[in-house]
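Working notes for the structure below.
Indexing begins at 1, ligand by ligand and atom by atom, following the structure's order. A quick note: this is a predicted structure, and the numbers were derived from the prediction, not measured.
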Amino acid sequence: MKIIDAHVHLFDTPEYLSRLIRVMDDYDIEKCCISGLGKLFKCVDNQGIKKALKKYPNRLIGAVFIRPGIDTSQDIYNAFYEGFKMIKVTIPTKPYDDPTFFPLWEAAQELKMPILFHTGVVTIPTKAHNERISSWYMHPMRLEVISNTFPKLNLIIGHFGVHWNDDAAELLRMKDNIYSDLSGAPKGWRVRVDNIGIKKWLWWPDAFKKIIFGTDVIYSQISQILMEDKTRLDKYNIDPKTQELIFSGNILKLLGER
Ligand SMILES: [Zn+2]
């Protein structure tokens, strides 16, 4: 089965990219959607991603990091013409649904670039005292207005809302253009959800059809997340066709590649 990891970041440490590619080779991950969140997150920036895309054009799908309130719609247009295919947003300076951000979402809709939104409480690996970072700005329900205003724009909820799973799940159920990944660290929110059983949230017949595989962990933990996700899908007898959507079909559809 074709596997695409839709949520990967490129950390700014030596050999990171080659090690990531090796893990992808070892676990049959054909491609990953990769973004750089810059220094605050100990990542490379968008220029670093551009270089990586040149090096591995057949393995990497570029996601441009846009910080709402700092970056502009022009940055999205420029990124598109430089080969980026999707957008990753996090740590906005105001709530995601603030009307001043609408030009960003409008550009993304016009360019048919899906947007991966960080949602839920955010972990910043560096000191960021003056950055006005608020997880409230990244509540999944902030995507409601964006989803309604831009019906042709596809939105991906990162981390299933972390602790706002109820809201993330109902958005998946009610909104055609909202999807979610289940990405997160091995000992994080996924443990709580799996202990309870994810069916508590993904309870309706086609619920798993709105899930997109993504890891959002360092390269050495990707295999564990992949294994946990496969185990979860088998536990709930998710049919092969739906699994195909989760592991590649949905993200390829959103990228306009199938
Ligand atoms: Zn992320």
Side-chain angles (χ1 to χ4, degrees), residues 3-13 16-17 20 23-24 29 31-46 48-49 52-53 60-71 76 79 84-93 96 104 108 113-126 128 131 133-140 142-143 146 154-165 168 178-190 193 211-222 224-226 228-229 246 250-251 254-255:
I3 302 174
I4 295 177
D5 184 342
H7 194 156
V8 170
H9 299 299
L10 183 50
F11 289 91
D12 193 10
T13 53
Y16 194 92
L17 184 57
L20 170 68
V23 166
M24 290 167 65
I29 299 172
K31 293 183 185 193
C32 71
C33 304
I34 193 162
S35 56
L37 305 175
K39 280 200 178 78
L40 270 182
F41 290 88
K42 298 187 175 176
C43 284
V44 305
D45 58 13
N46 289 324
I49 297 295
L53 296 176
L60 304 178
I61 296 162
V64 62
F65 169 49
I66 293 292
R67 187 173 176 195
I70 306 285
D71 301 311
I76 295 178
F84 287 88
K85 298 240 161 63
M86 65 186 276
I87 297 168
K88 161 77 190 212
V89 296
T90 186
I91 56 167
T93 59
Y96 282 144
L104 300 175
M113 295 170 89
I115 308 179
L116 171 56
F117 287 83
H118 172 88
T119 69
V121 68
V122 70
T123 312
I124 314 274
T126 56
E131 294 289 335
I133 291 165
S134 167
S135 298
W136 278 118
Y137 296 171
M138 299 177 275
H139 193 292
R142 300 281 184 194
L143 273 54
I146 303 170
N154 286 304
L155 315 175
I156 305 167
I157 294 174
H159 324 294
F160 199 40
V162 180
H163 52 300
W164 288 313
N165 307 130
I178 300 187
Y179 296 76
S180 182
D181 71 32
L182 304 177
S183 67
K187 288 181 180 157
W189 69 269
R190 294 157 53 95
V193 161
I211 298 298
I212 290 176
F213 172 66
T215 60
D216 193 25
V217 291
I218 59 166
Y219 67 87
S220 55
Q221 294 178 331
I222 286 176
Q224 184 179 346
I225 299 298
L226 176 62
E228 288 175 5
D229 281 15
I246 293 169
N250 280 337
I251 189 67
L254 268 48
L255 292 165

Report yes if some heavy atom in the side chain of Lys85 is under 4.5 Å from a heavy atom in the side chain of Ile61; otherwise report no.
yes
Any donor-acceptor pair under 3.5 Å linking the side-chain atoms of His7 with those of Lys88? yes
- Metal site the Zn ion (ligand 1): N/O/S of Leu37 inside 2.8 Å: no
Ring centres under 6.0 Å, that's the criterion: do Tyr96 and Phe117 meet it? yes
Please find out if less than 6.0 Å separates the ring center of Trp189 from that of His163.
no
Answer yes or no as to whether an N/O/S atom of His9 is found below 2.8 Å from the Zn ion (ligand 1).
yes
State whether His7 contributes an N/O/S atom found under 2.8 Å from the Zn ion (ligand 1).
yes
